[in-house]
Amino acid sequence: MLALRIARVFDGRAVVEGAGVVFVDGGRIAGVEAAGFVIPTGVEVLDRPSGTLLPGLVDAHVHLVGDGEPGALERLGELSQDGLFGTIERSLRIQLAAGVTTVRDLGDVAWSVLDWRARRPRTGLPTVVASGPPVTSRGGSCRHMGASGSDELRAAVQERAERGADVVKIMAGGGRLTHGSSVDQGRQFTAEELALVVRQAHAAGLPVTAHAHALVSIRDAIAAGVDGIEHCTFLTADSVHVPEEAIAALAAQGIVVCATLGRGPGAVPPPHLMERMRKAGPGYDALRRRIVRAHLAGVTIVSGTDGGISPGTPHGSLPRAVMDLVSGGMAAADALATATSVAARACGLGDRKGRVRTGYDADLVVVDGDPFTDMAALTRLDVTVLGGQVLSCRS
């Protein structure tokens with residue numbers, strides 16, 4: 001048994017008043033006790049008198065096959081299976097070094113993440129929830145990961161179910177990094193086709209999350225009844241427009257919005273995207289504020305990074321994504337919840353991850369300091385516990 005004695009405990013929703021000792025036994029959390037609790041003899045103790053203990057972080061949007069270099073996704077066809085598996089494992093190690101103990105992979109190539117998970121399981125790496133290749137149209141965004149015509153949508157969903165996918169990812173609209181794909185206007189599927197995918201996936205017990213930057217695609221995804229929307233940036237042909245009825249519908253239908261924040265420092269978008277951002281007007285700061293406004297209106301927000309697709313979105317940037325939400329006006333506890341309890345629930349793991357609660361998986365991190373007064377403490381990782389095992393610990 002292990003006891004972590006710390007200054008404060010964030011349980012995935014709020015600071016647990018008076019708590020100061022967390023017990024771990026057999027890969028599970030065995031108890032959360034008051035600061036003055038007497039630890040039995042024979043129990044290993046880690047003392048962190050200035051630290052904050054949190055659930056292991058959950059990055060709800062990554063691409064483990066991406067190495068974060070320029071053209072990361074376009075080069076995937078050049079890699080062998082061993083090469084892809086190596087990139088996946090390197091990506092996971094980078095995530096873990098940032099305190100991320102669970103990831104949701106939302107787009108691989110050739111089923112590589114699902115195959116890696118089935119054939120080469122690794123202890124000491126984060127838990128992986130995966131979609132397999134995104135469902136996309138021929139010529140559409142992420143087409144290099146595999147494409148489906150509208151007449152193949154039923155088969156596409158069935159194949160994902162048979163291969164053990166945990167979620168169906170569909171490209172409702174265009175993407176930022178795929179040349180020839182219109183990020184602000186392009187429909188890749190009609191609302192009726194999206195609804196077909198939702199019906200088929202739900203019948204197979206799978207949720208559906210839709211990639212949608214453009215307002216038209218967001219509206220289609222809402223009408224189709226998707227479970228989640230990735231990015232959700234409300235782009236139009238020449239600006240950004242956030243209709244109140246769209247926000248109300250997202251909240252009323254319980255659609256989870258994954259805000260892909262956490263840009264790398266000094267990130268410079270490619271020229272075609274830079275021009276698009278210039279035309280849209282206010283940039284990243286305004287995006288953060290829009291996300292927080294949606295949260296305050298009742299929309300469920302989870303944190304994800306799009307990690308691995310480019311130098312601007314590297315693996316391991318989830319702490320920055322949480323800090324971005326706080327910079328945009330979100331309360332610290334709510335921001336931390338987007339990367340712990342709320343994200344775990346969105347990933348289908350809310351009954352065992354994302355909380356500091358007796359019986360939950362002992363995926364835990366301790367950061368040096370108090371993120372409620374200094375959110376940068378989230379970047380000062382001190383202790384990482386994965387499945388009850390202490391993987392890293394500063395002396």
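Every heavy atom of this structure was used, including side-chain atoms; hydrogens, water molecules and symmetry mates were not.
Of all heavy-atom pairs spanning Ala98 and Leu57, the tightest one is O-CD1, 4.0 Å. Closest approach of Gly66 to Ala72, counting heavy atoms only: CA-CB, 4.2 Å. Shown here for Asp59 and Gly304, the closest heavy-atom pair between the two residues is OD1-CA, 3.2 Å. The nearest pair of heavy atoms linking Thr102 to Pro126 is N-CB, 4.0 Å. In plain terms, the two heavy atoms of Ala7 and Pro49 that are nearest each other are CB-O, 3.3 Å. In plain terms, the two heavy atoms of Asp220 and Ala191 that are nearest each other are OD1-CB, 3.8 Å.
Interatomic distance, Leu4 CG to Glu44 CD, rounded to the nearest 0.5 Å: 8.5 Å. The distance from atom CG of Asp25 to atom CE of Met1, rounded to the nearest 0.5 Å, is 4.0 Å. Atoms CG and CD, on Leu153 and Glu193 in that order, are 6.0 Å from each other to the nearest 0.5 Å. Of the inter-residue distances, the one linking Thr358 atom OG1 with Arg28 atom CZ reads 11.5 Å to the nearest 0.5 angstrom. Taken to the nearest 0.5 Å, the CD1 atom of Ile6 stands 8.5 Å off from the OG1 atom of Thr52. Here Ile229 contributes atom CD1 and Cys258 contributes atom SG; the two are 11.5 Å apart, rounded to the nearest 0.5 Å.
Side chain of Asp227 to main chain of Val208: a donor-acceptor pair is present (N/O by atom type, distance under 3.5 Å, no hydrogens or angles). The closest donor-acceptor contact from the side chain of Ser91 to the backbone of Leu64 lies under 3.5 Å. Counting only distance, with no hydrogens or angles, the side chain of Thr340 and the backbone of Leu336 share a donor-acceptor pair below 3.5 Å. Arg117 places a side-chain N or O within 3.5 Å of a backbone atom of Val128 that can act as its donor or acceptor partner. A distance-only check finds a donor-acceptor pair linking the side chain of Arg104 to the backbone of Ala60 [under 3.5 Å]. Remark: side-chain polar atoms of Arg288 are not paired, donor with acceptor, to backbone N or O of Gly329 under 3.5 angstrom. A donor-acceptor pair is defined here as one N or O able to donate and one able to accept, closer than 3.5 Å; no such pair exists between the side chain of Gln389 and the backbone of Gly124.
Residues Val342 and Leu296 do not share a hydrophobic cluster, clusters being chains of Ile/Leu/Val/Met/Phe/Trp/Tyr side chains in contact below 4.5 Å. By the criterion of side-chain heavy atoms lying less than 4.5 angstrom apart, applied directly or through intervening Ile, Leu, Val, Met, Phe, Trp or Tyr residues, Leu76 is grouped together with Val113 in one hydrophobic cluster. Cluster annotation: Leu235 is connected to Ile222 through the hydrophobic network of ILVMFWY side chains, with a link wherever side-chain heavy atoms come within less than 4.5 Å. There is no path of hydrophobic side-chain contacts, each under 4.5 Å, that joins Val257 to Val302.
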(request) Output, in order, the C-alpha distance, side-chain angles, deciding distance and verdict of side-chain contact (heavy atoms from CB on, under 4.5 Å) for Asp334 and Val326. (result) CA-CA 9 Å; Asp334 290 346; Val326 174; over 6 Å; no
(request) Please step through side-chain contact (heavy atoms from CB on, under 4.5 Å) for the pair Leu84 and Thr87, ending with a clear verdict. (result) CA-CA 5 Å; Leu84 288 166; Thr87 300; 5.7 Å; no
(message) Could you walk me through whether Val240 and Arg290 satisfy the side-chain contact (heavy atoms from CB on, under 4.5 Å) test, starting with their C-alpha distance in whole Å, then the side-chain angles of each, then the deciding distance to 0.1 Å, before giving a yes or no?
(response) CA-CA 10 Å; Val240 174; Arg290 287 198 302 274; 3.6 Å; yes
(request) Walk me through it: do Glu159 and Arg154 pass the test salt bridge (Lys or Arg N to Asp or Glu O under 4.0 Å)? (result) CA-CA 9 Å; Glu159 184 173 16; Arg154 288 184 179 85; over 6 Å; no
(message) Assess the residue pair Cys347 and Val58 against the criterion (side-chain contact (heavy atoms from CB on, under 4.5 Å)); give the C-alpha distance rounded to whole Å, side-chain angles, the decisive distance to 0.1 Å, and a yes or no.
(response) CA-CA 9 Å; Cys347 292; Val58 180; 4.0 Å; yes
Sequence neighbours left out, cut at 3.5 Å: what donor-acceptor pairs do the side chains of residues 9-17 make with other protein atoms?
| from | atom 1 | to | atom 2 | distance (Å) |
| --- | --- | --- | --- | --- |
| Asp11 | OD1 | Arg13 | N | 2.9 |
| Asp11 | OD1 | Ala14 | N | 2.9 |
| Asp11 | OD2 | Arg355 | NH2 | 3.3 |

Which atom pairs, one a donor and one an acceptor, fall under 3.5 Å between side chains of residues 367-379 and the rest of the protein, sequence neighbours left out?
| from | atom 1 | to | atom 2 | distance (Å) |
| --- | --- | --- | --- | --- |
| Asp368 | OD1 | Ser50 | OG | 3.2 |
| Asp368 | OD2 | Arg394 | NH2 | 3.3 |
| Asp370 | OD1 | Phe372 | N | 2.9 |
| Thr373 | OG1 | Asp370 | O | 3.2 |
| Asp374 | OD1 | Ala376 | N | 3.2 |
| Asp374 | OD2 | Arg380 | NH1 | 3.4 |
| Asp374 | OD2 | Arg380 | NH2 | 3.1 |
| Thr379 | OG1 | Ala376 | O | 2.6 |

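If you check the side chains of Gln188 and Thr136, you find a donor sitting under 3.5 Å from an acceptor. With hydrogens and angles left out, the side-chain atoms of Asp351 and Tyr360 include no donor and acceptor closer than 3.5 Å.
Between Leu206 and the choices Asp166, Val197, Val168, Val167, the side chain to side chain contact (heavy atoms under 4.5 Å, CB included) rule is met once, by Val168. Considering Asp306, Thr305, Asp108 in turn, Asp306 is the only one that fulfils the side-chain hydrogen bond (donor to acceptor under 3.5 Å, both in side chains) rule with His63.
A ring-ring contact (aromatic ring centres under 6.0 Å, His included) check over residues 30-53, counting only residues at least two apart or in different chains, returns the pairs Phe23-Phe37. Every pair tested for ring-ring contact (aromatic ring centres under 6.0 Å, His included) that includes a residue from residues 289-318 fails, sequence neighbours excluded, so the list is empty.
Every residue meeting the salt bridge (Lys or Arg N to Asp or Glu O under 4.0 Å) condition with Arg5, not counting sequence neighbours, appears here in chain and number order: Asp47.
Between His213 and His231, the two ring planes are parallel [angle under 30°; tilted spans 30° to 60°].
Counting heavy atoms from C-beta on, the side chains of Val62 and Leu106 never come closer than 4.5 Å. Contact of the Ile255 side chain with the Thr300 side chain is not registered, since no non-hydrogen atoms from C-beta on lie closer than 4.5 Å. Val32 is listed as a side-chain neighbour of Val356, based on a closest heavy-atom distance under 4.5 Å. Here the side chains of Leu92 and Val103 are in contact, with some heavy-atom distance below 4.5 Å. For the pair Leu196 and Leu194, the minimum side-chain heavy-atom distance is 4.5 Å or more. Between His241 and Phe234, every side-chain heavy-atom pair lies at or beyond the 4.5 Å cut-off. Between Val43 and Leu2 there is no side-chain heavy-atom pair separated by less than 4.5 Å. In this structure, the side chains of Val21 and Ile39 come closer than 4.5 Å at one or more pairs of heavy atoms.
Taking a cutoff of 4.0 Å between a charged side-chain nitrogen and a carboxylate oxygen, Asp382 and Arg48 qualify as a salt bridge. A salt bridge does not link Asp324 to Arg263: none of the charged nitrogens lies less than 4.0 Å from a carboxylate oxygen. Look at Lys353 and Asp363 and you find a salt bridge, because one of the NZ, NE, NH1 or NH2 atoms lies within 4.0 Å of a carboxylate O, short of that distance.
In Gln81, the CD atom is crowded: over 12 heavy atoms of neighbouring residues, nucleotides or ligands sit closer than 6.0 Å.
Hydrophobic cluster of Val38: no remaining members, since no ILVMFWY side chain lies below 4.5 Å from it.
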